[in-house]
Amino acid sequence: KNQVEQSPQSLIILEGKNCTLQCNYTVSPFSNLRWYKQDTGRGPVSLTIMTFSENTKSNGRYTATLDADTKQSSLHITASQLSDSASYICVVRGGTGGFKTIFGAGTRLFVKA
Amino acid sequence: EAGVAQSPRYKIIEKRQSVAFWCNPISGHATLYWYQQILGQGPKLLIQFQNNGVVDDSQLPKDRFSAERLKGVDSTLKIQPAKLEDSAVYLCASSPGLADTHRGEQYFGPGTRLTVT
């Protein structure tokens with residue numbers, strides 16, 4: 001079954017600290033993996049996309065990694081800011097019988113001053 | 001470039017009533033999606049359109065939910081009659097190109113928060 005699991009479910013950190021969010025997936029065949037940021041009351045916005053051959057992708061203070069062999073991805077946030085408080089959703093595209101888009105449940109990040 | 005527009009932003013109804021949501025995708029985007037996002041969960045695909053044809057509606061509760069995309073542009077999602085468990089945010093998203101050949105980035109609207117009492 002094609003699944004995307006994220007951990008932790010929620011996380012609280014102090015402003016200026018770093019954090020890492022995890023995503024494990026069982027989607028096969030694999031096409032690409034995206035991380036989305038969803039602010040409260042808003043729709044998700046794409047942060048990064050990685051295909052099979054890419055193992056690191058950065059977008060400012062956000063760095064995503066992908067290990068296609070172990071089917072794991074992480075999103076590292078450096079020097080967190082209050083505006084980083086949001087849900088981060090891992091989304092994998094692939095699957096048999098056509099290309100599906102499978103969403104994880106998200107990690108809720110709270111950055112405190 | 002204007003983003004995906006949705007209305008209304010909030011809606012409160014009683015169970016067994018009907019409700020409709022509207023979505024205007026980014027101009028020129030061929031693919032349109034409706035998602036249901038329950039609090040604390042990721043979005044769940046309800047229906048996917050390619051132009052004005054349905055690509056995937058396997059998770060749409062067809063006994064109470066319906067959607068249409070007339071002329072391949074705007075779309076409406078209707079619930080009739082609503083149940084308490086329909087309380088959620090309904091997200092509309094659009095993407096350019098064909099459903100199975102582009103890199104899959106979806107552009108989301110702000111969503112409609114539905115509360116069924």
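Order of the sequence lines fixes the chain letters, A, B, ..., with proteins taken first and strands second; residue numbering starts at 1 for each chain. Predicted model only: the values in this text are computed from it and were never measured.
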Determine the option with the most heavy-atom pairs under 4.5 angstrom with chain B, choosing from A:Arg108, A:Gln9, A:Gln38.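 Greatest number of close heavy-atom pairs with chain B: A:Gln38.
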Partner chain B: residue of A:Gly106, A:Gly104, A:Ser46, A:Pro44 with the largest heavy-atom pair count (under 4.5 Å):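 Of A:Gly106, A:Gly104, A:Ser46, A:Pro44, A:Pro44 has the most heavy-atom pairs under 4.5 Å with chain B.
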Please classify the contact between [X] and chain A as side chain, backbone, both or neither, with a heavy-atom cut-off of under 4.5 Å.
| X | value |
| --- | --- |
| B:Leu91 | side chain |
| B:Gln37 | side chain |
| B:Arg9 | side chain |

Nearest heavy-atom pair of A:Thr101 and A:Arg93: which atoms, and what distance?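 Smallest heavy-atom distance, with atoms named: OG1-NH1, 3.4 Å.
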Ring-plane angle category for B:Phe108 and A:Phe103, please: parallel below 30°, perpendicular beyond 60°, tilted otherwise.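 Answer is perpendicular, since the angle exceeds 60°.
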State whether a side-chain donor-acceptor pair under 3.5 Å links A:Thr20 with A:His76.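 A pair is found: one side chain offers a donor N or O, the other an acceptor, under 3.5 Å apart.
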Is there a donor-acceptor contact under 3.5 Å linking the side chains of A:Gln22 and A:Ser74?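 No, no side-chain donor-acceptor contact under 3.5 Å.
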Which bit of A:Gln6 comes within less than 4.5 Å of chain B, counting heavy atoms only: side chain, backbone, both or neither?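 Contact with chain B involves no heavy atom of A:Gln6 at all.
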Side chain, backbone, both or neither: which part of A:Arg42 has a heavy atom under 4.5 Å from chain B?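 Contact with chain B is through the backbone of A:Arg42 alone.
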Enter the distance from B:Cys92:SG to B:Ile47:CD1 here, rounded to the nearest 0.5 Å.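 Separation between the atoms: 11.0 Å.
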Please answer whether the main-chain N or O of A:Thr78 pairs with a side-chain N or O of A:Arg61 as donor and acceptor at a distance below 3.5 Å.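 Here the side-chain-to-backbone pair exists.
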